[in-house]
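Scroll down for the structure; my scribbles are underneath it.
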Amino acid sequence: MAALAALMAQAPAQAEEQVCSEAGTTVEMSLCVRAELEKKDQALKQAMQAIATEAAAVPGDTFLPLWEDTLTGFFKSTTDPQTQFEDFRKARSQACVYMNSLAFQGTGFGIFVTNCEIRLTNVLLEKLGN
């Protein structure tokens, strides 16, 4: 969770205010931020797949095993983009629920959590070159 908190610190603060600013009600805002998160998740899945495809296409037989060993051994992750996405999604959700539960409770809690998830996803997309 510390890594996600570090990512969150890099996210622009205004991103939360710009997402769905045209929504007039809590219901509209909830639906809008959920749709925005789904778009971001699609972009993230594509970016993760592109990295895996690019890694597999590197010529020679040195890079791919090193990349796989680093991800699976050192980072205890995987080279499978779908599993990477699911792991990120779970950690992102836990971190955002935790961070927002410390500061805010009420009818807008889900909106604040989803905005947090959007911001974290934006930072990761930026780190992946998107």
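No experiment lies behind these values; they were computed from the predicted model shown. What's counted below: heavy atoms across the whole structure, side chains too, no hydrogens, waters or symmetry copies. Residue numbers count from 1 along this sequence.
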With sequence neighbours left out, write down each residue that passes salt bridge (charged side-chain N to carboxylate O under 4.0 Å, His left out) with E68, or none if nothing qualifies.
none
Listed by chain and number, what are the side-chain hydrogen bond (donor to acceptor under 3.5 Å, both in side chains) partners of E86, not counting sequence neighbours?
Q82, R89
Give me the atom names and distance for the closest heavy-atom approach of C96 to L120.
SG-CD1, 3.6 Å
Can you name the residues that form a salt bridge (charged side-chain N to carboxylate O under 4.0 Å, His left out) with R34, not counting sequence neighbours?
none
List for me each residue that meets side-chain hydrogen bond (donor to acceptor under 3.5 Å, both in side chains) alongside T72, sequence neighbours excluded, and say none if there are none.
none
Shared ILVMFWY cluster between M48 and V58, side chains joined below 4.5 angstrom?
yes
L124 vs K40, test: side-chain contact (heavy atoms from CB on, under 4.5 Å). Steps then yes/no.
CA-CA 10 Å; L124 183 54; K40 296 293 181 178; over 6 Å; no
N130: partners by side-chain hydrogen bond (donor to acceptor under 3.5 Å, both in side chains), with sequence neighbours left out:
none
Say you draw a straight line from CG of D61 to CG of L66; how long is it, rounded to the nearest 0.5 Å?
12.0 Å
Quick one: list whatever passes side-chain contact (heavy atoms from CB on, under 4.5 Å) with D69, sequence neighbours left out.
none
Could I get the full list of side-chain contact (heavy atoms from CB on, under 4.5 Å) partners for I51, not counting sequence neighbours?
W67, L128
At what distance, to the nearest 0.5 angstrom, does CG of N100 lie from OG1 of T114?
9.5 Å
Taking only residues two or more places apart in sequence or in another chain, which ones pass side-chain contact (heavy atoms from CB on, under 4.5 Å) with T53?
Q49
Which pairs, with at least one residue in residues 26-84 and sequence neighbours excluded, count as a disulfide bond (SG atoms under 2.5 Å apart)?
C20-C32
State, to 0.1 Å, how close A52 and T79 come at their nearest heavy-atom pair, and which atoms those are.
CB-O, 4.2 Å
For V97 and F109, work out which heavy atoms get closest and say how close.
O-CZ, 3.9 Å
Using the rule given for side-chain contact (heavy atoms from CB on, under 4.5 Å), can you reason through N115 versus I118, listing the C-alpha separation, both sets of side-chain angles and the distance that settles it, and then say yes or no?
CA-CA 5 Å; N115 273 316; I118 290 168; 4.1 Å; yes
Considering only residues two or more places apart or on different chains, which pairs with a residue in residues 41-58 satisfy salt bridge (charged side-chain N to carboxylate O under 4.0 Å, His left out)?
D41-R92
How far apart are the C-alpha atoms of T83 and D87, what are their side-chain angles, what is the distance that settles it, and do they pass the side-chain contact (heavy atoms from CB on, under 4.5 Å) test?
CA-CA 6 Å; T83 304; D87 290 348; 3.9 Å; yes
Applying side-chain contact (heavy atoms from CB on, under 4.5 Å), name anything that partners F75, two or more places apart in sequence or on another chain.
T70, S77
CE on M29 to CZ on F112, rounded to 0.5 Å:
8.5 Å
Please answer whether the main-chain N or O of Y98 pairs with a side-chain N or O of S101 as donor and acceptor at a distance below 3.5 Å.
yes
Can you name the residues that form a side-chain hydrogen bond (donor to acceptor under 3.5 Å, both in side chains) with Q46, not counting sequence neighbours?
none
